[in-house]
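Reckoned from all heavy atoms, side chains included, excluding hydrogens, waters and symmetry mates.
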Amino acid sequence: MLNPMDPDVAAKRIFAAIRAIPKGEVAGYGEVARRAGLPGRARLVARLLSQNDDPKLPWHRVLRSDGRIALPEGSKGYREQCQRLRAEGLRVEGGRVIGVRAAATLDSQIWGPPD
DNA sequence: TTGTTGACCCGTC
DNA sequence: CGACGGGCCAACA
């Protein structure tokens, strides 16, 4: 009964989850969905971002679960995302963010990254 | 109504 | 690393 949530509410929670990502950190689409109370709805997050128009939304902190930038390499959005991430002190190499890994699983959020 | 298409994810091999 | 299959789901043709 948690899952089939009203689209508006879902969108609201997803945007809130994205806004909650601290500056200089990143999160995966699936992770954002989980934090929004919508496990398994990564694609919904992606779709909302593609439609997003809010300039205050830190959309650039949202990456794929493997730490890569989701946008097609070379696209305008791709370049802007790289730029914004670097502006926050992150290292981006080959379309991938180095040094900060997006917690892909709940385990890694609880137990921390494997040493 | 069925078929495709995405800024996706994950387990398995 | 990569490929494959399955899940997820709103929008559109």
Colleague: Whole-Å distance between dA7(B) P and Ile18(A) CD1?
Modeller: 15 Å
Colleague: Sticking with atom C1', work out how far dA7(B) lies from dG5(C), rounded to a whole angstrom.
Modeller: 22 Å
Colleague: Please identify each residue that fulfils side chain to side chain contact (heavy atoms under 4.5 Å, CB included) with Ala17(A), with sequence neighbours left out.
Modeller: Val32(A), Arg35(A), Ala36(A)
Colleague: Which of residues 70-88 of chain A have a heavy atom under 4.0 Å from DNA chain B?
Modeller: Ala70(A), Leu71(A)
Colleague: Please give me the minimum heavy-atom distance between Tyr78(A) and Ile69(A), naming the atom from each residue.
Modeller: CD1-CG2, 3.6 Å
Colleague: 5'-most contact on DNA chain C: Arg96(A) or Pro7(A), nearest heavy atom basis?
Modeller: Arg96(A)
Colleague: Rounded to the nearest Å, what distance is computed from the CZ atom of residue Arg68(A) to the P atom of nucleotide dG2(C)?
Modeller: 8 Å
Colleague: Do you know which two heavy atoms are closest between Ala70(A) and Arg64(A), and how far apart they sit?
Modeller: CB-CG, 3.7 Å
Colleague: Once side chain to side chain contact (heavy atoms under 4.5 Å, CB included) is applied, do any residues pair with Glu88(A), and if so which ones, sequence neighbours excluded?
Modeller: Lys23(A), His60(A), Arg61(A)
Colleague: Without decimals, in angstroms, what is the distance between Ile14(A) CD1 and dC9(B) P?
Modeller: 13 Å
Colleague: Taking atom C1' of dC10(B) as reference, at what distance in whole Å does atom CG of Asp66(A) sit?
Modeller: 12 Å
Colleague: Main chain of Val62(A), side chain of Gln81(A): is a donor-acceptor contact present, judged purely on distance under 3.5 Å?
Modeller: yes
Colleague: With rounding to the nearest 0.5 Å, note down the distance linking CG in Leu38(A) to CG in Leu44(A).
Modeller: 7.0 Å
Colleague: Take the protein atom CZ of Arg64(A) and the nucleotide atom C1' of dC9(B), then report the distance between them rounded to whole Å.
Modeller: 11 Å
Colleague: With the threshold set at under 4.0 Å for non-hydrogen atoms, list the residues of residues 43-54 of chain A touching DNA chain B in residue-number order.
Modeller: Arg43(A), Ala46(A), Leu49(A), Ser50(A)
Colleague: Holding to salt bridge (charged side-chain N to carboxylate O under 4.0 Å, His left out), I want the full list of residues that pass it with Glu80(A), two or more places apart in sequence or in another chain.
Modeller: Arg84(A)
Colleague: Of all the nucleotides listed (dC10(B), dA7(B), dC1(C)), which has the minimum atom distance to the side chain of Tyr29(A)?
Modeller: dA7(B)
Colleague: Cut-off 3.5 Å, no hydrogens considered: what does the side-chain donor-acceptor table look like for residues 90-97 of chain A, sequence neighbours left out?
Modeller:
unit_1   : atom_1 : unit_2   : atom_2 : d
Arg91(A) : NH1    : Glu93(A) : OE2    : 2.9

Colleague: Give one of base, sugar-phosphate or nothing for Arg61(A), where a contact means two heavy atoms less than 4.0 Å apart.
Modeller: nothing
Colleague: Show me the donor-acceptor pairs within less than 3.5 Å that the side chains of residues 45-59 of chain A make with the rest of the protein, sequence neighbours left out.
Modeller:
unit_1   : atom_1 : unit_2   : atom_2 : d
Ser50(A) : OG     : Arg47(A) : O      : 2.6
Asn52(A) : OD1    : Asp54(A) : N      : 2.8
Asp54(A) : OD1    : Lys56(A) : N      : 2.8

Colleague: Please report the distance, rounded to the nearest Å, between CZ in Arg41(A) and C1' in dG6(B).
Modeller: 17 Å
